[in-house]
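Every value quoted in this text rests on a predicted model; they were computed, and no experiment measured them.
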Amino acid sequence: MQRFTLKTLLLQLLLLLGATYTMAQVRAITSNGDEVMLYPNGTWEYISIQPNPYDYQEPPTAVGAGISGRHIGIIVRRQMLFVLRDGILEDVIIYDSKGQPAYSYREGIYQLPYGWQVKYEPLSDRMIQFGPYQFKYQLLSERLERVGTCEIEYEMLSDRVRRIGGYEIRYNTFSNLIKGVGNIELLYDAFNERVTGLRGQNPNLEIYFMRQGKRRPLPIL
């Protein structure tokens, strides 16, 4: 027959209370993306702090040495990636609902998500619809004018893009370096074209730095 001493009973009681207290703890994510632990007494503490990617930050040397404002991508609402090289529209990437690249304006279809349909102009290979995204082209120049709800506007006397989806593209006065997209500002080294950071915030915009030799973009996670 098992005998319970006072010490054994106290130990079991402490273990039970500890388990109950642990079960009462709740993990939560704040609106800023920080993970916190909530305790039964109303207190809380950070578990891990995720830095805001839009706040100014000095990137590692390897990144700073490999990116410039001449070749960037602009991700709109985590759905489309507009690639600009020297201000000229080079490509448009459409992502599926899981963040995987599904279509490239330059390279064609990577994958056709379930339920999405493709339509082309009559007697032409030019696409006018890919899933929920419709394409519109300028009548005279045949430049891409709209993808889905994102209008693409060009400068009056050149092919340089000046606006995407309502977000203004701003350039350096003496070059094709992009110095701003919407309210996000690109910061540069004073002596070369290297990007040193970003300043500004917009939940619907992200800047994607294109690298030489890298064609297909990574998924949006």
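Of all non-hydrogen atoms in R70 and S175, the two that sit nearest each other are NH2-CB, 3.9 Å. Nearest heavy atom pair, residue M127 against residue Y137, reads O-OH, 2.6 Å. Here the closest non-hydrogen pair linking Y133 and G148 is CD2-CA, 4.1 Å.
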task = Using the side chain to side chain contact (heavy atoms under 4.5 Å, CB included) rule, take Y171 and D86 through it: C-alpha gap first, then chi angles, then the decisive distance, then the call.
result = CA-CA 10 Å; Y171 298 91; D86 289 330; over 6 Å; no
inquiry  = If you apply the rule side chain to side chain contact (heavy atoms under 4.5 Å, CB included), what do you find for V195 with Y188, and how did you get there?
reply    = CA-CA 4 Å; V195 176; Y188 291 91; 3.7 Å; yes
request  = Check the pair I74, Y167 against side chain to side chain contact (heavy atoms under 4.5 Å, CB included), reporting the backbone distance first and the verdict last.
outcome  = CA-CA 10 Å; I74 302 169; Y167 300 105; over 6 Å; no
query = So F82 and I152, side chain to side chain contact (heavy atoms under 4.5 Å, CB included) or not? Walk me through it.
reply = CA-CA 10 Å; F82 296 84; I152 306 172; 3.8 Å; yes
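Under the salt bridge (charged side-chain N to carboxylate O under 4.0 Å, His left out) criterion, K119 pairs with no residue, sequence neighbours left out.
Using a 4.5 Å cut-off on side-chain heavy atoms (C-beta onward), V76 and L205 make contact. In this structure the side chain of R106 reaches within 4.5 angstrom of the side chain of E90, judged on heavy atoms. When side chains are defined from C-beta on, L186 counts as touching F209, because their heavy atoms get closer than 4.5 Å. Side-chain contact check for R77 versus C150: some heavy-atom pair is nearer than 4.5 Å.
Rounded to the nearest 0.5 angstrom, R160 CZ and I88 CD1 are separated by 8.0 Å. The CD atom of Q138 lies 12.5 Å from the CZ atom of R146; values are rounded to the nearest 0.5 Å. Expressed to the nearest 0.5 Å, how far CG of D159 lies from CG of L89 amounts to 9.5 Å. Taken to the nearest 0.5 Å, the CD1 atom of I169 stands 6.0 Å off from the CD1 atom of I178. If you take OH on Y208 and CD1 on I93, they are separated by 9.0 Å, rounding to the nearest 0.5 Å. With values rounded to the nearest 0.5 angstrom, R199 atom CZ is found 13.0 Å from I184 atom CD1.
A distance-only check finds a donor-acceptor pair linking the side chain of N183 to the backbone of Q201 [under 3.5 Å]. A donor-acceptor contact shorter than 3.5 Å links the side chain of D96 to the backbone of K98. Checked by atom type and distance alone, the side chain of Q129 pairs as donor or acceptor with a backbone atom of G131 at under 3.5 Å.
Between E206 and R78 there is a salt bridge, with a side-chain nitrogen of the basic residue lying less than 4.0 Å from a carboxylate oxygen of the acidic one.
None of E168, E153, E155 except one satisfies the side-chain hydrogen bond (donor to acceptor under 3.5 Å, both in side chains) rule with R162; the exception is E153. With F130 as the partner, the ring pair (Phe, Tyr, Trp, His ring centres under 6.0 Å) test is satisfied by one option alone out of Y110, Y95, Y103: Y103.
Taking the six-membered ring for Trp and thresholds of 30 and 60 degrees, Y105 and F135 have nearly parallel ring planes, at less than 30 degrees apart.
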